[in-house]
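Report on the following structure.
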Amino acid sequence: MQYQRLGGSGLRVSRISLGSWLTIGNAVEQAASDALVRHAVDRGINLLDTADVYNDGEGELALGRAIKGLRRDRLVIASKCYFPMSDDPNDCGLSRKHIVQSIEASLQRLGLDYLDLYQCHRPDPDTPIEETAMAMDDLIRQGKTLYWGVSYWPARLIVQAVQFCRAHSFHAPVSNQPPYSLLRRDLEDEVMDAAWECGVGQIVFSPLAQGVLTGKYRPGAAPPKESRAADDRANRFIGAYLTEENVARVESLRDIAAQAGVTPAQLALAWCLRRPEVNSVIVGARTTAQLDDNLGALEVGLGPDVQAALDRAFPGATPRDTAT
């Protein structure tokens, strides 16, 4: 495994991390989740990502069961808050009240005393950034989380949060968790440079575009039986990526990968990891075999010819915002 510092912090995270958005506690049953998490840790993955909203808390519950018995000091457990968890008007957003109550609920579901990383799942237009930053700083000083970060925040808000924290000697955010892949490159427009200057690292999700970049979906063919697209528990967000145009473009990825002697998934992940701003890519593997294939990306070198070929095939395409 390869590790990299998360943003400007001293925390080292595995370059490939395991997510639980539509898998653990959802499309993957508990026994399989246990095996997947233990296999990931055995292979050197230390960053395990979840959120309170994943399957209405079931993602955290399942991950908590899966890590039971593992060495806590070897794990980097990340969760998030923002989305509503009930119809209570204060059970949403990034107010101090919601943040404090949310982390307590997440810790209970996970069976933990503290988180390693707690992230603001989206920007909250109804709460001042100052209130959010002070609440996160308090959580760190109380030992409820070691670091805090954001997810899917625009450049200007990341800069604003960091500047406020530095001006008041608060703990500043160290991470941002946005979507990034060959089929979604808008992160490169502003956020990467701004965050880099602020010491905020990128932990990117959907690096395989919900599995579309694995090459398993072929033009004119029905989705494979065991694929995410064929699973109603996990396919509600894939439509943004699974278009005829994108499937046709992935044929080029298949060809480039074949010439390089790697799988399409490995090449797509290696492409994300080529950027120093990207500290870790979150994979949504559902089986240990998929995870092993993903980990092979760490051994893939991208020469200039391969990068040029990928840039020609994937100049940039941004699907509608439906992911969480």
Tell me whether [X] is salt-bridged to [Y], with the criterion being a basic N under 4.0 Å from an acidic carboxylate O.
{"X": "E299", "Y": "R15", "answer": "no"}
{"X": "D186", "Y": "R184", "answer": "yes"}
{"X": "R72", "Y": "D113", "answer": "no"}
{"X": "K97", "Y": "D88", "answer": "no"}

Side chain R166, main chain A161, donor-acceptor under 3.5 Å:
no
Can you check whether L94's main-chain N or O pairs, donor with acceptor, with T132's side chain at less than 3.5 Å?
yes
Between [Y] and [X], do the side chains contain a donor N or O and an acceptor N or O under 3.5 Å apart?
{"X": "D137", "Y": "H171", "result": "yes"}
{"X": "Q30", "Y": "D34", "result": "yes"}
{"X": "T127", "Y": "E131", "result": "no"}
{"X": "S14", "Y": "Q2", "result": "no"}
{"X": "S106", "Y": "E60", "result": "yes"}
{"X": "E277", "Y": "Q202", "result": "no"}
{"X": "D292", "Y": "H39", "result": "yes"}
{"X": "Y82", "Y": "Q119", "result": "no"}
{"X": "D49", "Y": "S17", "result": "no"}

Between [X] and [Y], which heavy-atom pair has the shortest distance, and what is it?
{"X": "Y118", "Y": "C81", "result": "OH-CB, 3.2 Å"}
{"X": "I282", "Y": "L18", "result": "CG2-C, 4.1 Å"}
{"X": "I45", "Y": "I16", "result": "CG1-O, 3.4 Å"}
{"X": "V28", "Y": "A32", "result": "CG1-CB, 3.5 Å"}
{"X": "H121", "Y": "A51", "result": "CE1-CB, 3.7 Å"}
{"X": "D56", "Y": "M85", "result": "C-CE, 4.0 Å"}

Is it true that, when you exclude [X] itself, more than 12 heavy atoms of the residues, nucleotides or ligands shown sit nearer than 6.0 Å to its [atom1]?
{"X": "D42", "atom1": "CG", "result": "yes"}
{"X": "R274", "atom1": "CZ", "result": "yes"}
{"X": "Q307", "atom1": "CD", "result": "yes"}
{"X": "Q142", "atom1": "CD", "result": "yes"}

One should read off an interatomic distance between K80 NZ and I103 CD1, to the nearest 0.5 angstrom, of 13.0 Å
Rounded to the nearest 0.5 Å, what separation is found between the CG atom of L117 and the CG atom of L146?
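L117 CG to L146 CG: 9.0 Å, rounded to 0.5 Å.
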Beyond-backbone contact of [X] with [Y], side-chain heavy atoms, under 4.5 angstrom:
{"X": "Y180", "Y": "V278", "value": "yes"}
{"X": "L63", "Y": "Y54", "value": "no"}
{"X": "Q266", "Y": "W271", "value": "no"}

All salt bridge (charged side-chain N to carboxylate O under 4.0 Å, His left out) counterparts of E104, not counting sequence neighbours
K144
Excluding sequence neighbours, so at least two apart, what forms side chain to side chain donor-acceptor pair (under 3.5 Å) with N279?
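Q4.
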Take F164 and M134, measure what side-chain contact (heavy atoms from CB on, under 4.5 Å) needs, and give me the verdict at the end.
CA-CA 10 Å; F164 173 78; M134 287 189 287; 4.2 Å; yes
From the list I24, N26, L22, side chain to side chain contact (heavy atoms under 4.5 Å, CB included) partner of N55 resolves to N26
Audit row: I67, L112, side-chain contact (heavy atoms from CB on, under 4.5 Å) steps and yes/no:
CA-CA 10 Å; I67 62 175; L112 299 175; 4.0 Å; yes
